[in-house]
Enquirer: 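I'd like to ask some things about the structure below.
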Amino acid sequence: MRKIILFMLFSISVSWARAQTSNSKAFMEAFKPHLGKYYEGTIVAGGKEGDGFTGERLLMEVMSWDEREVKVPFYVGEDKSRTWIFSWSNNRVELKHDHGKSDGTADKVTFYGGTAPNEGTPNMQMFPADAETEQLIDYAAYNVWWVTIDADKFTYNLRRIGSDRLFSVEFDLTKPIVSNFKPWR
């Protein structure tokens, strides 16, 4: 009887702990199994010749993970200047783009993005452009980014509301690849 009671108490505490994990926190935790791994991506929407992405090898790396911040460099061909930074605070996820120039030097247009207006879902977060982004890139004031992650794939998406601007890249998380790329910054 004692074992049954202990098992029931353990089950209740595990269920309670799972119930305490918010959707935004679960989204951040979804990156943890991918720490240190690289994945190849393909453009699934919005790619066109001359855009700097089409025809290039696209890689992502979950470079660092902790409960409050995940850094995911996005390599485009030999260009190692882009890193997506997901930060968790006050039960919201923020996405910022740490962006340099293609030769590795600093770019004045960096750290643009936004904060999710709610806790989203464990597999998707939406990030409307914030005031800092509008100040930095006036035409990006209507940008909305959304990111999905599940056991099989990661997608990064951009839509500029009021225009036909759409970009979407998908990474197969079931097939890690070997790479030694590291971001320039």
Enquirer: Do V169 and L158 land in one hydrophobic cluster if side-chain heavy atoms of ILVMFWY residues count as linked below 4.5 Å?
Expert: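 In one cluster: yes.
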Enquirer: Measuring from F167:CZ to N157:CG, what's the distance to the nearest 0.5 Å?
Expert: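 The CG atom of N157 is 9.0 Å from CZ of F167, to the nearest 0.5 Å.
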Enquirer: Tell me, please, which residues at least two apart from R159 pass side chain to side chain donor-acceptor pair (under 3.5 Å).
Expert: none
Enquirer: For K96, give me all partners under side chain to side chain donor-acceptor pair (under 3.5 Å), at least two apart in sequence or on another chain.
Expert: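 Testing K96 for side chain to side chain donor-acceptor pair (under 3.5 Å), a comparison that skips the adjacent residues, returns D130, E132.
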Enquirer: Going by atom type alone, with no hydrogens or angles, which donor-acceptor pairs under 3.5 Å involve a side-chain atom of residues 170-183 and a protein atom two or more places apart or on another chain?
Expert:
unit_1: D172; atom_1: OD1; unit_2: T174; atom_2: N; d: 2.9
unit_1: D172; atom_1: OD1; unit_2: T174; atom_2: OG1; d: 2.5
unit_1: D172; atom_1: OD2; unit_2: T174; atom_2: OG1; d: 3.4
unit_1: S179; atom_1: OG; unit_2: F181; atom_2: N; d: 3.2
unit_1: K182; atom_1: NZ; unit_2: Y38; atom_2: OH; d: 3.2
unit_1: K182; atom_1: NZ; unit_2: E61; atom_2: OE2; d: 2.6

Enquirer: For the residue pair H99 and F74, is the inter-centroid distance of their aromatic rings smaller than 6.0 Å?
Expert: no
Enquirer: Side chains of R82 and V76: does their closest heavy-atom pair fall under 4.5 Å?
Expert: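 Yes - at least one pair of side-chain heavy atoms lies under 4.5 Å apart.
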Enquirer: If two hydrophobic side chains count as joined below 4.5 Å and joins carry through other members, does Y75 share a cluster with L95?
Expert: no
Enquirer: Quick check: are there more than 12 heavy atoms from other residues, nucleotides or ligands sitting under 6.0 Å from CG of D103?
Expert: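 Yes, enclosed.
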Enquirer: Identify whether W88 and L35 are in the same connected component of the hydrophobic contact network (ILVMFWY, side-chain heavy atoms under 4.5 Å).
Expert: yes
Enquirer: Nearest 0.5 Å, what's the OH-OG distance between Y156 and S168?
Expert: 10.0 Å
Enquirer: Which heavy atom of G120 sits nearest a heavy atom of N23, and at what distance?
Expert: O-ND2, 2.9 Å
Enquirer: How would you list, by chain and number, every residue that makes a side chain to side chain donor-acceptor pair (under 3.5 Å) with E134, sequence neighbours excluded?
Expert: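 Scan of E134 (side chain to side chain donor-acceptor pair (under 3.5 Å), adjacent residues dropped) gives none.
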Enquirer: Would you please indicate yes or no on a ring centroid separation below 6.0 angstrom for W65 and H34?
Expert: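 No, ring centres 6.0 Å or more apart.
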Enquirer: For A116 and Q125, which heavy atoms make the closest approach, and how far apart are they?
Expert: CB-OE1, 3.5 Å
Enquirer: Run the side chain to side chain donor-acceptor pair (under 3.5 Å) test against T54 and tell me which residues pass, sequence neighbours left out.
Expert: D51
Enquirer: Is it the case that N123 and T121 place a side-chain donor and acceptor less than 3.5 Å from each other?
Expert: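 Not at all, the side chains of N123 and T121 share no donor-acceptor pair under 3.5 Å.
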Enquirer: Flag the pair F86 / F31 as yes when their ring centroid distance falls below 6.0 Å, and as no otherwise.
Expert: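 Aromatic pair counts; centres sit under 6.0 Å.
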Enquirer: Of the non-hydrogen atoms in A141 and A129, which two are nearest, and what is the gap between them?
Expert: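 Answer, listing the atom of A141 first, then A129: O-CB, 3.7 Å.
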Enquirer: Please list, chain by chain and in numerical order, all residues satisfying side chain to side chain contact (heavy atoms under 4.5 Å, CB included) with S87, sequence neighbours excluded.
Expert: E69, I85, E94
Enquirer: With rounding to the nearest 0.5 angstrom, report the NZ to CD1 distance, K108 to I137.
Expert: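 The NZ atom of K108 sits 11.0 Å away from the CD1 atom of I137.
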Enquirer: Please round to the nearest 0.5 Å and tell me the distance separating atom CE of M126 and atom OG1 of T148.
Expert: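 Reported to 0.5 Å precision, the distance equals 11.5 Å.
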Enquirer: Looking just at side-chain N and O atoms, do S81 and S102 make a donor-acceptor pair shorter than 3.5 Å?
Expert: no
Enquirer: Taking the six-membered ring where the residue is Trp, are the ring centres of F127 and W84 under 6.0 Å apart?
Expert: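 Ring-ring flag for F127/W84: false, centres at least 6.0 Å apart.
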Enquirer: Is the side chain of T110 donor-acceptor paired with the backbone N or O of D107 at a distance under 3.5 Å, no angle test?
Expert: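 Not at all, since once roles are kept as given, no pair shorter than 3.5 Å links the two residues.
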Enquirer: Give a yes-or-no answer on whether the side chains of T83 and D98 include a donor-acceptor pair shorter than 3.5 Å.
Expert: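 Not at all, the side chains of T83 and D98 share no donor-acceptor pair under 3.5 Å.
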Enquirer: Would you confirm whether K37, through its side chain, and P33, through its main-chain N or O, come within 3.5 Å as a donor-acceptor pair?
Expert: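 Yes: the side chain of K37 pairs with the backbone of P33.
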Enquirer: NZ of K153: more than 12 outside heavy atoms within 6.0 angstrom?
Expert: no
Enquirer: Give a yes or no on whether the backbone of E67 and the side-chain of K25 come within a donor-acceptor separation of less than 3.5 Å.
Expert: yes
Enquirer: Determine, using the 4.5 Å side-chain heavy-atom cutoff (strictly less than), whether Y142 and L136 are members of one ILVMFWY cluster.
Expert: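 No, Y142 does not connect to L136 through the hydrophobic network.
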Enquirer: Please report the C-alpha distance between D164 and L166 in whole Å, then the side-chain angles of each, then the deciding distance to 0.1 Å, and finally whether the side chain to side chain contact (heavy atoms under 4.5 Å, CB included) criterion is met.
Expert: CA-CA 6 Å; D164 63 352; L166 171 66; over 6 Å; no
Enquirer: If I take atom OG1 from residue T21 and atom CE from residue M28, how far apart are they, to the nearest 0.5 angstrom?
Expert: 13.5 Å
Enquirer: Hey, is R92 close enough to E119 for a salt bridge, meaning N to O under 4.0 Å?
Expert: no
Enquirer: Shared ILVMFWY cluster between M124 and F154, side chains joined below 4.5 angstrom?
Expert: no
Enquirer: Before you tell me yes or no, could you show the steps for W145 and T133 under side chain to side chain contact (heavy atoms under 4.5 Å, CB included), namely the whole-Å CA-CA distance, both residues' side-chain angles and the distance that decides it to 0.1 Å?
Expert: CA-CA 12 Å; W145 296 270; T133 298; 4.1 Å; yes
